[in-house]
Protein chains: 2
Amino acid sequence: MRSTKQRNVILDIINNSCSHLDAYGVYEEARKQISNISLGTVYRNLNALEKSHLIDVVYDGTDKIRYDKKDFHQHFICVKCHKIIDIYDLNFKNISTYKNNVVMNCKIILEGICEKCQKEE
Amino acid sequence: MRSTKQRNVILDIINNSCSHLDAYGVYEEARKQISNISLGTVYRNLNALEKSHLIDVVYDGTDKIRYDKKDFHQHFICVKCHKIIDIYDLNFKNISTYKNNVVMNCKIILEGICEKCQKEE
DNA sequence: CTTCTAACTAGTAATGATTACTATTTAATT
DNA sequence: AATTAAATAGTAATCATTACTAGTTAGAAG
């Protein structure tokens, strides 16, 4: 993967933001630095950066994919307004609430390479 | 929410499947029982059932939303082939592998109603 | 049982997030 | 400086999902 101005700007935007931007949000931020950057370039780089494990994705329950820095933490997601709250102090002892937010469900997803795909590498 | 033939068939398909079907997969199964069921009806009911917490959604890393029965378990998702493996015996003591599948990341998402949305109810 | 009506459906059109394509540019190696 | 594979801008295409409309139906009330 080559180092380009566009890719560096996009990675910096993700790493310096706490707002879980979607692709268009990243595009709007990036245009402040590279006025004619293409939306396709933003999509292509977000996919490439995610594939290289340099950024993470978050699904907030809408149809948009949101992007997040690689920084170990968990999320609370409101099923009504789709707000995402970063959790840096998860405590499984009382998981029915997290700071006045009512918890209804807990999803745990392990991501990795399955047995079959390891053999094909 | 009224009980309709279409809605019952769709809920049954989700509850009797282990394959994390997407909307079109549910549509194909449903047509075996209601030959002229509409794809729009499938989408509308999947959304309604999820909103009523009768079914769950799973994101496998593709652009398709997959549906799952409400049955407390966790998921392993392969980042290469997007296979979803159900986990009923999660053990945090050694999380670097799950049954020969290499774990690279663990996402924990709490879902619920945020403080602001509670006040607006 | 009949009437009533809001909720639901089938079928189709529209939307919009994402991806694909193409000519041009550029990082970085030789 | 020359070379070239990878990347980009701009635009067109894709396709999962949602919206719309006229007709149908579940289920409550008389």
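Each chain gets a letter, A, B and so on, in the order the sequences are listed, and its residues count up from 1.
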Please figure out whether B/Ser38 or B/Met1 has its closest DNA chain C nucleotide nearer the 5' end.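 The residue closer to the strand's 5' end, by nearest nucleotide, is B/Met1.
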Both A/Tyr43 and B/Lys5 contact DNA chain C. Which one's nearest nucleotide lies toward the 5' end?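 Closer to the 5' end of DNA chain C: B/Lys5.
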Which of the following nucleotides, [options], is nearest to the side chain of [X]?
X       : options                : answer
B/Ala23 : D/dT17, C/dC8, C/dT26  : D/dT17
A/Ser3  : C/dA17, C/dA28, D/dT18 : C/dA28
A/Arg44 : C/dT18, D/dA26, D/dT8  : D/dT8
A/Arg7  : D/dA7, C/dG11, C/dA17  : D/dA7

Under 4.0 Å between a side-chain N or O of [X] and OP1 or OP2 of [N]?
X       : N      : answer
B/Thr41 : C/dA10 : yes
B/Thr4  : C/dT9  : yes
B/Asn45 : C/dT9  : yes
B/Asn47 : D/dT18 : yes
A/Gln6  : C/dT26 : no

From [atom1] of [X] over to [atom2] of [N], roughly how many Å is that when rounded to an integer?
X       : N     : atom1 : atom2 : result
B/Asn8  : C/dA7 : CG    : P     : 18 Å
B/Tyr27 : C/dT9 : OH    : C1'   : 13 Å
A/Arg2  : D/dT3 : CZ    : C1'   : 12 Å

Before you tell me yes or no, could you show the steps for B/Asp86 and B/His20 under side chain to side chain donor-acceptor pair (under 3.5 Å), namely the whole-Å CA-CA distance, both residues' side-chain angles and the distance that decides it to 0.1 Å? CA-CA 10 Å; B/Asp86 287 325; B/His20 312 96; 2.9 Å; yes
SB check B/Lys107 A/Asp56 (cutoff 4.0 Å):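 Answer for the salt bridge query: yes.
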Less than 4.0 angstrom from a charged side-chain N to a carboxylate O is my criterion; do B/Glu28 and B/Arg31 meet it?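 No, no charged N to carboxylate O under 4.0 Å.
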Scan side-chain atoms only and decide if B/Arg44 and B/Thr41 contain a donor-acceptor pair under the 3.5 Å cut-off.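 B/Thr41 and B/Arg44 do have a side-chain donor-acceptor pair below 3.5 Å.
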Is it true that B/Phe76 and B/Tyr59 fall in one hydrophobic cluster, defined by side-chain heavy atoms closer than 4.5 Å?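 Unlinked, B/Phe76 and B/Tyr59 end up in two clusters.
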